[in-house]
Amino acid sequence: MFHQVQKRIAASVSAYLQARYGVEGGAALESPKEPRFGELSLVSAFQLARQFRKAPRQIAAEIAAEMPVPEDVASLEIAGGGFLNLRLDRGRYGAALLAGPAAGAAGADREKIIVEHTNINPNKAAHIGHLRNAVLGDTFARMLAAAGRRVETQNYIDNTGVQVADVVAGFHRLERKTPADVARLIADPTVRFDYLCWDLYARVSAHYQGNPEALAWRQEALHAIEAGQGEMAEMAHLVADAIVNCHLRTMLRLGVEYDVLPRESEILHLHFWAAAFELLKQRQAIYFEREGKNAGCWVMPASAFSAAEGEDADKVIVRSNGTVTYVGKDIAYQLWKFGLLGKDFHYRPWMRYPSGRELWVTADQPCGQAAPSFGHGARVYNVIDSRQSYLQDVVAAGLRALGYPEQAERSIHFSYEIVALSPRTCVELGIPISEEDRQRPHVEVSGRKGLGVKADDLIDKLIEKAREEVDSRHREAPGEERRQVAGEIAVGALRYFMLKYTRNAVIAFDLQEALSFEGETGPYVQYAAVRARNILRKLEERGERLPDFSRELDAAAMGRQLAAEDFWQIVLAVSKAGDAVERAIASGEPSHVARYAFQLAQGFNKFYHEYPVLQEADRERRVFLLWLTDYFRRELEQTLAILGIAVPAYM
RNA sequence: GCGCCUGUAGCUCAGUUGGAUAGAGCGUCUGGCUACGAACCAGAAGGCCGGGAGUUCGAAUCUCUCCAGGCGCGCCA
């Protein structure tokens, strides 16, 4: 609500400033530092001061005297050196809240926003780093949807890459297994296939270390996979599909779902690269190098994507042996996302989520079932860790060089820093670390060596810990119910932990800290929502009903109640949810919503402590307090839903 | 060598397009359960915002410089 009111006021003030002073920039409105300064502060006087060579305070006085007061505003006053502080009309504001949100203007013509995330190599179990990616992407998609945007979630699967090839080589060469053997392992319910591959991949990598000639295995597997024939190709298919299912199951534990799985195999078989290659050559975005170290390659000049010059910085797109690099394929894929490639995949259903949502996968031929329209995004967010920013720059440069500057601008590298481990957590997990690492704030671990924390292990551990807490508080409740609650708390803790940091902060994952359910955590916020529900449930247990607020409270009553500074500040804070979401979208920073959720919970816990709602004797106040409780509940639930966090039945 | 990111309380981190007296959690210390169940609340201590210079009415925020740390710069993905 606050967001809409602020927009209305800004429009009104901007119109005045434009007419009176001819300024184009709009009204400089911000939230004052302290509540006593009102709800909004206009600082335009400072900016105008220079231009008109007058004291800021004098200009503020002019504005205060001449500007028509916007209808949401009750009063305005000059403060400090030239601030113009606005106070909202509390009764009007409260009445608007009672009336509920205005219907959103959602239309089918809304442009589509694509969020691509997760993108885990399908050759081993997911680890905590992947969880940060998935939770960031999933939450951002939820934020966009909550704000009325049309969103499509993609999870790209590199099922023909080196990492899959290495595991196939491991099965074939180290384990001497046939595709049938691998299929049996996958079907065996006692085998955790993704864990098995995790270890096998580490063994293969170690073997390469000691026996460099064994790298030929990788080439052998890659060729087989690319040709799409033979036992190894078959095995690669089995492994990748099975691991994708493992990943989907892991992610679903956190409530993460996708719309479509674009796969590298189809990009290959449907010759996406050939189409992109033609475009790149036609538009002269790349050129054939005849001499120097890149002789025989098609390269993109460094000037296209960085400040550096010279052939050293040029990026090879097609190798001298004619094969395309990863970046080249990524340019083709990125073109498809914007609907610029002139080609599309075929699709078939992969699975249906319990929620009812259908997940599709790309296919190289029609399956006979009508699929939704995928791709054709107006804006694309690629959730990829910050170490790949150089490559993302090259991809965007490719779009620009092809004559698509707007798309390059809207091709957003949604980068984030890695998840490292705290030294003490390494020790706890039995990961060997050097003396030097022990002194550092965090230690990066290697998936190649099989070190690190598997996502499912972490989730299991969190559930176990949550279960202990639940059991100690609710011995009487049915076991199945307690299991459910513990699961929701565990997921709440994990998702919040991944979201509370800004994207470019390195998370030093500390088991103890992540397992904590106190302070700035998901469970703290969940607890506030549960407490709000408890009050309302208690009311019904006492044989009462929730009043019809819009009938029992009018603008005058709201005005009377909101005259109390305490209540006004609470209502104001609760009404800023939409503001937090918009800020998070504009800055691409989901942590804003996480932090807002925490503030909201803090506000509620304080309210809960100070005002025994059900004991209130004054009738109007009691109805108001019940309304406020219900309002808190709604916003807490909605904000948690955006974060992908459930509200447990009890805590 | 070049490029990007980071440096804020003992620790981990916030800090809106530059705005009024720099915030939170953890940890430490002191209080508060009579069930709207304390996974909570109240209070205290704790800061030359890495150093320096500049821009201006105003800088944690912008510019330059130095210091410290991280990451990237493959015909790997």
Side-chain angles (χ1 to χ4, degrees), chain A residues 25-26 28 30-34 37 41 43 46 49-50 55-57 79-83 85 121 158 161-163 293-299 302 306-309 312-313 315-327 329-330 385-391 393 415 417-418 420 422 440-442 444 466 469-470 472-474 489 500-502 504-508 510 513 516-521 523-524 526-528 530-539 541-542 579-580 583 586-587 589 591-592 595 598-599 601-602 605-606 608-615 629 650-651:
Chain A
E30 46 196 51
S31 296
K33 195 101 198 150
E34 286 183 52
F37 295 134
S41 201
V43 296
F46 292 107
R50 195 168 320 160
R57 211 179 153 93
F83 293 96
N85 295 329
N121 267 302
D158 184 7
V162 174
Q163 294 211 17
K293 67 180 216 70
N294 293 333
C297 298
W298 286 88
V299 302
S306 84
E309 287 287 338
D312 275 358
K315 182 65 196 165
V316 172
I317 303 297
V318 179
R319 304 183 186 98
S320 54
N321 68 4
T323 58
V324 59
T325 59
Y326 164 74
V327 198
K329 285 186 276 192
D330 217 20
D385 77 73
S386 62
R387 289 175 301 191
Q388 301 203 41
S389 60
Y390 160 72
L391 294 170
D393 286 348
S415 74
E417 270 294 346
I418 55 157
S422 73
R440 294 188 177 163
H442 48 76
E444 195 187 338
E469 300 283 336
V470 173
S472 72
R473 279 159 234 250
H474 302 277
I489 292 170
K500 72 174 180 178
Y501 302 96
T502 47
N504 58 7
V506 175
I507 295 183
D510 184 80
E513 202 187 323
S516 162
F517 298 150
E518 286 164 23
E520 196 192 336
T521 66
Y524 175 91
Q526 289 175 308
Y527 186 52
V530 167
R531 298 226 275 187
R533 280 184 177 177
N534 282 349
I535 295 174
L536 302 172
R537 200 191 52 224
K538 213 73 180 183
L539 181 79
E541 280 172 15
R542 294 181 185 184
D579 193 52
R583 248 175 37 234
S587 62
E589 205 57 87
S591 65
H592 286 155
R595 285 179 180 276
F598 176 67
Q599 280 170 23
Q602 250 182 341
N605 278 329
K606 197 172 160 194
Y608 181 93
H609 188 256
E610 273 175 55
Y611 301 97
V613 175
L614 299 179
Q615 324 300 343
T629 304
Y650 50 79
M651 281 181 78

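A quick note: this is a predicted structure, and the numbers were derived from the prediction, not measured. Here is how names work: the chains are called A, B, and so on, in the same order as the sequence lines, proteins then strands, and each is numbered from 1.
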Interatomic distance at C1', B:rA38 relative to B:rC33, whole Å: 6 Å
Nucleotide B:rC36, atom P - distance to CD of A:E610 in whole Å: 17 Å
Atom P, compared across B:rA24 and B:rA45: separation rounded to whole Å: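 Between the two P atoms, the distance is 12 Å.
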A:N504 CG to B:rG15 C1', straight-line distance once rounded to whole Å: 14 Å
Presence of A:Q388 side-chain N/O under 4.0 Å of B:rC71 phosphate oxygens OP1/OP2: no
Nearest-nucleotide pick for A:R542, side chain only, options being B:rC36, B:rG37, B:rA20: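 Looking only at heavy atoms from C-beta outward on A:R542, the closest nucleotide is B:rC36.
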Spacing of A:R387 atom CZ relative to B:rA77 atom P, expressed in whole Å: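 These atoms are roughly 16 Å apart.
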5' priority, RNA chain B, between A:M651 and A:K33 [closest heavy atom]: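 First, find each residue's nearest nucleotide; the 5'-ward one identifies A:K33.
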Steps toward side-chain hydrogen bond (donor to acceptor under 3.5 Å, both in side chains) verdict (A:S386, A:E417): CA-CA 6 Å; A:S386 62; A:E417 270 294 346; 3.2 Å; yes
Nearest-angstrom distance, P atom, B:rG37 to B:rU30: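 Here B:rG37 and B:rU30 have their P atoms 29 Å from each other.
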Stacking check A:Y524 vs B:rA39 (5.5 Å / 30 deg): no
Partner nucleotide, any strand, of B:rU34 [Watson-Crick/G-U, under 3.5 Å]: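 Because no pair has both required distances under 3.5 Å, B:rU34 counts as unpaired.
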Aromatic contact, A:Y524 with A:F598 (centres under 6.0 Å):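 Centroid distance A:Y524-A:F598: below 6.0 Å, so yes.
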Closest to side chain of A:Y390, choosing from B:rC13, B:rG72, B:rA24: B:rG72
Paired nucleotide for B:rG27 [Watson-Crick or G-U wobble; both distances under 3.5 Å]: none
Candidates B:rG15, B:rC76, B:rA38 - which lies nearest the side chain of A:H592: B:rG15
Touch class at under 4.0 angstrom, heavy-atom based, for A:I489 against every strand present: base
Touch class at under 4.0 angstrom, heavy-atom based, for A:S41 against every strand present: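 Base contact.
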Side-chain heavy-atom pair A:V324, A:W298 within 4.5 angstrom cut-off: no
Heavy-atom side-chain contact between A:I489 and A:M651 under 4.5 Å: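 They are in contact (side-chain heavy atoms under 4.5 Å apart), so the answer is yes.
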Centroid-centroid distance, A:F46 to A:F83, less than 6.0 Å: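 Yes: the rings meet the under 6.0 Å criterion.
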Closest to side chain of A:F46, choosing from B:rC57, B:rA77, B:rC13: B:rC57
Sugar-phosphate, base or nothing in reach of A:E34, heavy atoms under 4.0 Å: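 Touches a base.
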Sugar-phosphate, base or nothing in reach of A:R595, heavy atoms under 4.0 Å: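 Sugar-phosphate, no base atom in range.
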Same-atom distance (C1') from B:rG27 to B:rG18, integer angstrom: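 Taking atom C1' in both B:rG27 and B:rG18, they lie 34 Å apart.
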Distance, rounded to the nearest Å, where A:D510 contributes CG and B:rC13 contributes C1': 14 Å
Selection from B:rC75, B:rC36, B:rC41 that lies nearest to any side-chain heavy atom of A:N534: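 Among the listed nucleotides, the one closest to the side chain of A:N534 is B:rC36.
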B:rA20 pyrimidine/purine six-ring stacking with A:F37, under 5.5 Å and 30°: yes
Pair A:R595 + A:E520, salt bridge at N-O below 4.0 Å: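 Salt bridge flag = yes for A:E520 with A:R595.
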Contact under 4.0 Å: A:R319 side-chain N or O vs B:rC76 OP1/OP2: yes
Distance-only donor-acceptor test (3.5 Å): side chain A:S320, base B:rC75: yes
Pair assignment for B:rC62, Watson-Crick or G-U wobble, requiring both distances under 3.5 Å: B:rG54
Audit row: A:R531, A:N534, side-chain hydrogen bond (donor to acceptor under 3.5 Å, both in side chains) steps and yes/no: CA-CA 5 Å; A:R531 298 226 275 187; A:N534 282 349; over 6 Å; no
A:S31, nearest nucleotide to its side chain (from B:rG37, B:rU16, B:rC5): B:rU16
Base-pairing mate for B:rU17 - Watson-Crick or G-U, with both contacts under 3.5 Å: none
Donor-acceptor pair under 3.5 Å, A:T521 side chain vs B:rA39 base: no
Residue A:L391, side-chain atoms from C-beta onward, closest of B:rU21, B:rG37, B:rA77: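 Given the options B:rU21, B:rG37, B:rA77, the side chain of A:L391 is closest to B:rA77.
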Upstream residue (5' side of RNA chain B) when A:R537 and A:A601 are each assigned their closest nucleotide: A:R537
A:K293 NZ - B:rG74 C1' separation (whole Å):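 About 8 Å, once rounded to whole Å.
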Whole-angstrom distance between B:rU12 and B:rG70, as gauged at atom P: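 Going atom to atom, P in each nucleotide, I get 15 Å.
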Sugar-phosphate, base or nothing in reach of A:N85, heavy atoms under 4.0 Å: base
Sugar-phosphate, base or nothing in reach of A:A466, heavy atoms under 4.0 Å: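 Since no nucleic acid heavy atom lies under 4.0 Å of A:A466, the category is nothing.
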Pairwise side-chain contact, A:Y501 with A:V506, heavy-atom cut-off 4.5 Å (strictly under): no
Touch class at under 4.0 angstrom, heavy-atom based, for A:Y527 against every strand present: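 Sugar-phosphate contact only - A:Y527 comes under 4.0 Å of backbone atoms but never of a base.
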Nearest-nucleotide pick for A:V613, side chain only, options being B:rC36, B:rA39, B:rU16: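 Out of B:rC36, B:rA39, B:rU16, the nucleotide with an atom closest to A:V613's side chain is B:rC36.
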Same-atom distance (P) from B:rC48 to B:rC2, integer angstrom: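 It works out to 33 Å between them.
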A:E444 and A:R387 ion-paired at < 4.0 Å: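 The answer is yes: the pair qualifies as a salt bridge.
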Between B:rU17 and B:rU21 - C1' atom distance, rounded Å: 23 Å
OP1 or OP2 of B:rA39 under 4.0 Å from side-chain N/O of A:R473: yes
Among B:rC13, B:rA38, B:rA42, the one nearest A:R531 by side-chain distance: B:rA38
A:V318 vs A:T325 side-chain heavy atoms within contact, under 4.5 Å: no
Rounded P spacing from B:rG19 to B:rG15 in Å: 13 Å
Integer-rounded Å distance: B:rC40 P and A:F598 CZ: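 Result: 9 Å.
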Nearest-Å distance for atom pair NZ/C1', residues A:K606 and B:rA38: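 After rounding, the gap between these two atoms is 18 Å.
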Counterpart base for B:rG1, defined by Watson-Crick or G-U wobble contacts under 3.5 Å: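 Pairing partner, where one exists within any strand: B:rC73.
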Touch class at under 4.0 angstrom, heavy-atom based, for A:E30 against every strand present: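 Answer is base: heavy atoms of A:E30 come under 4.0 Å of a base.
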Pair assignment for B:rG7, Watson-Crick or G-U wobble, requiring both distances under 3.5 Å: B:rC67
Side chain of A:Y326 - closest among B:rA77, B:rC36, B:rG19: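 Of the options given, the side chain of A:Y326 lies nearest B:rA77.
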Touch class at under 4.0 angstrom, heavy-atom based, for A:V318 against every strand present: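 If one applies the 4.0 Å heavy-atom cut-off, A:V318 turns out to touch nothing in the nucleic acid.
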Distance, rounded to the nearest Å, where A:I535 contributes CD1 and B:rC36 contributes P: 10 Å
Sugar-phosphate, base or nothing in reach of A:A49, heavy atoms under 4.0 Å: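 Since no nucleic acid heavy atom lies under 4.0 Å of A:A49, the category is nothing.
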